[in-house]
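Here the structure is a predicted model, which is why all the values come from computation and not from measurement. Below, read A as the first sequence line, B as the second, and so on, with proteins coming before strands; counting in each chain starts at 1.
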Number of protein chains: 2
Amino acid sequence: MDHGEKEQKSYHKVVEYVNRQIRDRKMKAGDRLPAERELAEELNISRNSVREGLRALEIIGILESRQGSGNYIAMNFDGVMTGMLASMYVLKGITENQLTEYRFAIEWEAMHLAVLRVDEEKKEVIREAFRNLQDAKTEEERVRYDRAIHQTMVDASQNEFLITSYRALTDFMDGYIRSMRRRIIAGMQSKNQLEETHRLLVEGIIRGDLATGLQGIRGHFDYIEQYKDFHMEVETEINRLPEEKC
Amino acid sequence: MDHGEKEQKSYHKVVEYVNRQIRDRKMKAGDRLPAERELAEELNISRNSVREGLRALEIIGILESRQGSGNYIAMNFDGVMTGMLASMYVLKGITENQLTEYRFAIEWEAMHLAVLRVDEEKKEVIREAFRNLQDAKTEEERVRYDRAIHQTMVDASQNEFLITSYRALTDFMDGYIRSMRRRIIAGMQSKNQLEETHRLLVEGIIRGDLATGLQGIRGHFDYIEQYKDFHMEVETEINRLPEEKC
DNA sequence: AGAAATTTGTTCGTATGTATA
DNA sequence: TTATACATACGAACAAATTTC
């Protein structure tokens, strides 16, 4: 029976200990934790229990274990997020449609922020990716530079949550359902259409023109099956708002 | 030396084993894993190593361990996401501004989907939350029903990624920076303003009117400092598009 | 209801590979 | 090179919770 008193499992003490150290700013990225034996003594648990807790923290990217050296605070969140998306995808029976909706949500907001915060360096990166996309000869290349453009745009938003979420999402898409991006790109009726879509997106970023950038994103997602019909319908409704004021 | 041959750590075998079982649909949520001793024998590692791997999987929400019973496939992703947001927040020095931007991205997209997919049950839930908000007397209550309205709206989107991300985000906000939601709500210049904002949001959902729903969301976020100024500026630019057609 | 079997939770001891001064 | 500190890994044992008979 559970009496309400928290009789936490031993390894939880480790997780809490580390989280507390981080939250209270006593440890930061790169810092080394006490040795496992010391932790075991301090927390009054066995070394094996300490290790179970440390292993969990390593998996979720907060820790990095180096044999012979020690356990260090780290920030490797991308992989975990990707893994979680993958598990959710299978276990919760999520559709590709939902992935696309999530991706759109991130890109839409990222574009708003990117036009305000993009710096010259990012502009050059995105310019070059676009040039490469134009010169791309194989589908393989097109996939790569398509991805680079979108990722750079999100990076330019300078919002760590958007960036990490987006990276995890695309990593998962490329890894688990690799066919998806291929199908999307192959679905473009011509190379020119793909370029036109990205031209708007890139121009929006470089000229700081939000409307053009959003047009590019909308165009890109309009090609994705099913979602296309839905979003066109939505946008007309949004745009009707100001008309009433005319 | 590392010879390039991957001499992975022992516990990785467990993580890979479980992930493979899930990916190949050999196991689904609720299923029980082989006993730890059996796994140890099958994977040719010690039980301690098996446990390290299992612990990691438990922490990231894929597993649930029950003493005396076994290890079961689970789907407890919310807590992990929350923890990761918390770690990112501290370790990457993320601002409240970025949290708000992320939250807005989710709500904005969720509203688009919610008006299309909301069912009668969710409508009733959101109606009642709104009534409770109107009758709320303490700030405590207002915080609770404010949260219920927004959460129900996101739930109505029926997108698991949006739902999980949003829940993690609000859990984190309430837990770590509890002052935030309070400040936002207290920032509303009057109770009426708070209600008017939510009235639009709720009406949009119930009547399936996207424009009204989006107005509600925009209104809500417009009160959040700094982001407010930015977003008003943005919206005028968006809304200028159709005007040109007039 | 109760006893036995099963399974996870936890600990200790020991041996080995690795990094560092 | 050597010595020390540290993580990695294994096996055995017992405790505690659950399931099974």
It should be established whether [X] places a side-chain nitrogen or oxygen under 4.0 Å from OP1 or OP2 of nucleotide [N].
X       : N      : result
A:Asn71 : D:dA7  : yes
A:Ser10 : C:dG9  : no
B:Arg55 : C:dG9  : yes
A:Ser46 : C:dT11 : yes
B:Arg51 : C:dG9  : yes
B:Ser49 : D:dC10 : yes

Over all heavy atoms of both residues, which pair between [X] and [Y] is shortest? Give the atoms and the distance, please.
X        : Y       : value
A:Leu39  : A:Leu33 : CD1-CD2, 4.2 Å
A:Pro34  : A:Tyr17 : CG-OH, 3.7 Å
B:Ala168 : B:Met81 : CB-CB, 3.4 Å

Considering every strand and a 4.0 Å limit on heavy-atom distances, what is the contact class for [X]: base, sugar-phosphate, or nothing?
X       : value
A:Leu54 : nothing
B:Arg47 : base
B:Arg66 : sugar-phosphate

Value in whole Å for how far the [atom2] atom of [N] lies from [atom1] of [X]:
X       : N      : atom1 : atom2 : result
A:Ile45 : C:dG9  : CD1   : P     : 14 Å
A:Glu41 : C:dC12 : CD    : C1'   : 15 Å
A:Glu36 : C:dT16 : CD    : P     : 19 Å
A:Lys13 : C:dT10 : NZ    : C1'   : 11 Å
A:Glu64 : D:dC6  : CD    : P     : 18 Å
B:Leu39 : C:dG9  : CG    : P     : 13 Å
B:Asn44 : D:dA9  : CG    : C1'   : 13 Å
B:Glu58 : C:dT10 : CD    : P     : 10 Å

| query | Are side-chain heavy atoms of B:Ile62 and B:Asn19 found at a separation under 4.5 Å? | reply | yes
| query | Does NZ or CZ of A:Arg66 come closer than 6.0 Å to the centre of the six-membered ring of A:Tyr72, within 45° of the ring's axis? | reply | yes
| query | Rounded to the nearest 0.5 Å, how far does OG1 of B:Thr152 lie from CD of B:Glu121? | reply | 10.0 Å
| task | Tell me which of B:Asn48 and B:Glu38 sits closer to the 5' end of DNA chain C, going by the nucleotide each one is nearest to. | result | B:Glu38
| Given D:dC6, C:dT8, C:dA19, which nucleotide is nearest the side-chain atoms of A:Ser69? | C:dA19
| said: Determine whether a donor-acceptor pair (one donor, one acceptor, N or O, separation below 3.5 Å) exists between the side chain of B:Gln67 and the base of C:dG9. | reply: no
| request: Could you give me the stems involving DNA chain D, meaning stretches of three or more consecutive Watson-Crick or G-U wobble pairs whose two defining distances are both below 3.5 Å? | output: C:2-21 with D:2-21
| Positive for side-chain contact (heavy atoms from CB on, under 4.5 Å) with A:Glu107, one of A:His220, A:His112, A:His150 | A:His150
| 5'-most by nearest nucleotide on DNA chain D - B:Tyr72 or A:Ala35 | A:Ala35
| Should the ring pair B:Tyr89 and B:Phe172 be called parallel, tilted or perpendicular, given that the plane angle runs from 0 to 90° and is split at 30 and 60? | perpendicular
